Amino acid sequence: MNTDTLELSGAPEGQIVRVLSQPGFDAETVDLRTSPLGAAWSAATTEGTYSIQVGVTDGSLTVSITSDEEGRLHWPVTSPRPDIQYALPILGEGRRVPAGHGEWQHFLTEVLDGLPAAEHLTQSFFTEQNEVYSTTWLLQTHWDADVSYDVENDLLSVGFRHEFTPLNLGEAYRISIRFGPANWIDGASINRAHLQETGVFKSLKDKIAERPAVGRLAGAPHIYLWEKGPLKPRDVTAWRRFMRVFGDRREVAGTLSRKLWQGMPEDMRADVDTAVTEARGEAGFVSQYSRAVMTRAVNAALPEAVPRGPVSPLPGGHDPEAGAGYVADLRAALASEFGDSLAPPETWGGGLSTGIVTRLAEAGIRHAWLGAENWLDAIWHPEAVALAKEAGYLVGTYDSYASAHAEATEGTWQTAQMGDAIFDDAAFRDETGAPVSGFRGKGAYLNAAALENYARRRIGAVSDAAGLNSYFLDVDATGLVFEDHTEGRETTRAEAHEAVRDRLAFTSGDLGLVLGSETGTAAFADRIDFSHGIATPVFDWMDPGMRRKPDPDFYIGPYWPVEAPDRFFAPTRVPPLMERVIYDPAFRLPLYQIALHDAVVTTHHWHFGSLKPEGQQVRNAMFELLYMIPPLYHLSDATIERDLPAIARQVAAFAPLHDRLMTQAMVGFRHLSEDFLIQETRFEDGTRLIANFGTERVALPDGSVLEPLSVLARIPGQAPQIIALSAD
């Protein structure tokens with residue numbers, strides 16, 4: 001290492017010494033001290049004075065840097081060479097990136113450059129590999145760093161930029177560098193050992209021993225259930241009579257019909273009038289469209305039409321503990337007004353409902369994670385929650401404490417409603433004292449430390465009132481944290497991260513719930529049981545065309561209709577560049593699985609479930625088998641006839657293998673063809689899975705033949721099993 005500049009050179013013993021990192025600064029003076037254990041020096045630069053310590057432990061070179069001035073240090077930065085390929089833990093699972101690949105250069109420098117390492121990297125390292133050996137850079141202090149991508153002479157270089165701020169000047173920036181074999185997974189293996197050494201690793205076996213319900217994740221698809229609200233159209237068994245009663249009584253003071261009519265959204269009233277007219281007609285037929293609109297209108301109006309008395313209200317207008325009594329009141333009111341036109345109340349609902357739970361069980365799905373998009377759906381349908389748990393399923397709800405909205409905010413959403421006091425007092429504030437803008441520019445992002453008591457009360461109240469055995473906390477495990485400059489509550493990013501970890505630990509530990517979160521970066525692996533966003537990350541933000549209605553080719557879809565929103569249910573074409581970087585198997589690497597397969601169950605982000613990306617469903621199914629990660633679906637009463645047969649077929653192929661391998665470490669990965677399309681994974685029990693992503697049948701090294709779009713499972717003591725996938 002050049003003490004004046006931090007330029008670093010090296011190689012494994014017997015190899016040619018090469019530049020590993022380009023300079024980070026140009027020191028004016030250096031004060032060097034050496035010892036048998038390493039070296040330490042101070043380097044005075046125009047940006048300030050850096051104190052550097054370097055030592056070698058167990059084959060790793062560790063560099064620790066502090067600064068006496070705030071600023072950004074761009075180091076390390078790899079020295080680009082044409083023989084280099086990178087193994088990057090990006091886009092969830094990980095990717096293979098050749099240094100000279102133009103599409104990857106464009107994507108990394110134009111889309112991902114400068115993103116915070118804590119969010120962008122699902123593990124805090126990157127590996128560069130040549131034909132002889134690999135070099136892994138492990139970032140041990142990732143909260144104050146971002147990732148850099150640069151192109152020099154048509155070759156990609158990768159690095160980190162660390163920010164020294166007034167709040168973290170006393171904290172060291174630490175990087176370790178280690179040589180290893182020329183394979184794609186060595187960096188993930190190094191990081192697995194680091195996570196184990198630092199206590200950020202807890203196996204699924206240990207989690208199951210503490211909370212046996214975690215075992216229900218084995219062989220379980222993850223299914224988000226829609227058609228929120230107490231009723232679905234089929235819960236009205238006599239539509240003509242129902243609409244005539246409503247039409248006759250909506251002008252009668254004090255009736256439920258009157259209260260419903262007054263509470264219905266203005267933009268639905270004309271269609272409701274049409275439904276009334278249809279029912280009064282000679283034929284008396286109420287169209288399917290009118291039934292859907294009336295159901296939406298009734299669901300929207302019920303909370304106002306049937307008010308609930310407070311039991312234990314929380315800021316933001318929430319009172320989960322009032323749920324059981326409210327459900328009884330709501331059902332009684334509907335039965336009194338429309339009783340002979342309605343199905344039995346215990347069968348109501350089109351998402352989390354006894355009907356869907358029964359259909360899943362009848363389809364042979366033994367375990368499943370069922371997620372309610374809104375916790376009120378779980379409270380409204382207690383029979384469905386009880387039946388699901390009895391069937392062996394996990395039942396959870398989506399919740400989030402990342403950002404809050406002021407009470408007067410338009411276009412707000414349920415989880416962000418926490419009252420003005422929390423909005424005013426718990427926000428992260430930047431150095432000017434301004435709150436950090438929240439998700440999609442609304443409200444403000446919140447410091448988990450300032451929100452601790454409220455979050456614990458709400459999570460506990462929701463999970464208890466709904467009878468849940470699982471929970472999903474959005475954003476928490478993404479690594480999204482900020483510095484907080486609020487006077488008297490100054491918080492570094494590292495401290496903010498610990499506060500989020502405490503919230504996760506409360507939910508899984510104190511409450512005993514099977515816990516999931518978005519993405520699931522490795523720094524939270526010991527706190528969560530499953531994650532949504534590793535197998536496929538949310539990527540529509542990376543291509544503006546996917547979020548613009550005028551571009552129908554790739555538009556992901558609106559949040560409509562409410563029974564089955566196109567954003568989640570309608571197949572979407574993937575733009576060519578996104579298809580290459582997200583789905584092309586030639587570039588996919590199971591880096592997360594090598595480090596954490598036996599610690600965290602991972603699947604897709606809910607924006608891009610197993611069936612969502614048009615033309616990629618088979619690839620999704622193959623990766624689910626090869627990596628042993630569960631599929632993720634969206635389901636509702638409106639779509640179950642269409643989608644359940646495909647879901648049942650996929651789960652039948654996946655579940656028996658996952659039952660065996662969920663708690664097994666993935667110990668190996670390799671390519672068996674030069675085009676990278678024949679891939680093999682190995683697990684600690686000796687199981688080998690081989691996938692042929694190509695279009696031609698191939699002869700494997702043992703002489704067997706594997707057809708295209710097929711996965712071969714070799715399980716010790718069992719006959720080989722071939723699973724063929726098809727778009728049908």
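All figures in this text were calculated on a predicted structure; none of them were measured in a lab.
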Query - Ionic contact status for Arg211 with Asp529, cut-off 4.0 Å - result: yes
Mind listing the side-chain donor-acceptor pairs of residues 519-526 below 3.5 Å, one per line with the distance, residues two or more places apart or on another chain?
residue: Thr521; atom: OG1; partner: Ala477; partner atom: O; Å: 3.0
residue: Asp526; atom: OD1; partner: Arg501; partner atom: NH1; Å: 2.8
residue: Asp526; atom: OD2; partner: Arg501; partner atom: NH2; Å: 3.0

Query raised in the report: If we ignore angles and hydrogens, is there a donor and acceptor under 3.5 Å between the side chains of Thr491 and Glu483?
Result: no
**Report entry** Tyr471 vs Asp399, side chain to side chain donor-acceptor pair (under 3.5 Å): CA-CA, chis, key distance, verdict
**Finding:** CA-CA 8 Å; Tyr471 217 80; Asp399 197 0; 2.7 Å; yes
Query - Asp235 side-chain N/O to Gly349 backbone N/O, donor-acceptor pair under 3.5 Å - result: yes
Query - Beyond-backbone contact of Met264 with Val298, side-chain heavy atoms, under 4.5 angstrom - result: yes
Query raised in the report: Is the Trp606-His222 ring centre distance short of 6.0 angstrom?
Result: no
Requested in this report: Sort out for me which residue in Lys232, Lys228, Arg296 forms a salt bridge (charged side-chain N to carboxylate O under 4.0 Å, His left out) with Glu563.
Outcome: Arg296
Report task. Any chance you could lay out the side chain to side chain contact (heavy atoms under 4.5 Å, CB included) test for His597 and Tyr592, step after step, and finish with the verdict? Result -> CA-CA 7 Å; His597 182 272; Tyr592 194 96; over 6 Å; no
Report task. Kindly say whether Gly229 contributes a backbone atom to a donor-acceptor pair with the side chain of His381 at under 3.5 angstrom? Result -> yes
Report summary line: Those residues at least two apart in sequence (or on a different chain) that pass salt bridge (Lys or Arg N to Asp or Glu O under 4.0 Å) with Arg642 are none
Query raised in the report: Between the side chains of Asp540 and His607, does any donor sit under 3.5 Å from an acceptor?
Result: yes
Requested in this report: Measure the acute angle between the ring planes of Phe439 and Trp413, then classify it against the limits of 30° and 60° as parallel, tilted or perpendicular.
Outcome: perpendicular
Query raised in the report: Is it true that Glu373 and Arg567 make a salt bridge, defined as a side-chain N closer than 4.0 Å to a carboxylate O?
Result: no
**Report entry** CD (Glu251) with more than 12 external heavy atoms under 6.0 Å
**Finding:** yes
Query - Salt-bridge present (Lys205, Asp598; N to O < 4.0 Å) - result: no
Query raised in the report: Looking at Tyr445 versus Phe428, is the centre-to-centre ring distance below 6.0 Å?
Result: no
Query raised in the report: Do the charged groups of Glu452 and Arg503 touch, with an N to O distance under 4.0 Å?
Result: no
**Report entry** Qualifying residue, where the test is salt bridge (charged side-chain N to carboxylate O under 4.0 Å, His left out) with Glu337 and the options are Arg241, Arg249, Arg250, Arg258
**Finding:** Arg249
Report task. Kindly indicate, with the supporting measurements, whether the criterion ring pair (Phe, Tyr, Trp, His ring centres under 6.0 Å) is fulfilled by His405 and Phe423. Result -> CA-CA 6 Å; His405 299 162; Phe423 172 74; 8.0 Å; no
Query raised in the report: Can you tell me if His605 and Glu518 form a side-chain donor-acceptor pair at under 3.5 Å?
Result: yes
Query raised in the report: With Asp484, which of Arg493, Arg429, Arg489 fulfils side-chain hydrogen bond (donor to acceptor under 3.5 Å, both in side chains)?
Result: Arg489
Report task. Give a yes-or-no answer on whether the side chains of Tyr401 and Asp474 include a donor-acceptor pair shorter than 3.5 Å. Result -> no
**Report entry** SB check Arg308 Asp319 (cutoff 4.0 Å)
**Finding:** no
**Report entry** Evaluation steps, side chain to side chain contact (heavy atoms under 4.5 Å, CB included), between Arg216 and Asn469
**Finding:** CA-CA 10 Å; Arg216 294 188 179 194; Asn469 56 4; 3.8 Å; yes
Report task. Can you label the angle between the Trp369 ring and the His532 ring as parallel, tilted or perpendicular, going by 30° and 60°? Result -> perpendicular
Requested in this report: Would you kindly say whether His497 and Glu495 are connected by a side-chain donor-acceptor distance under 3.5 Å?
Outcome: no
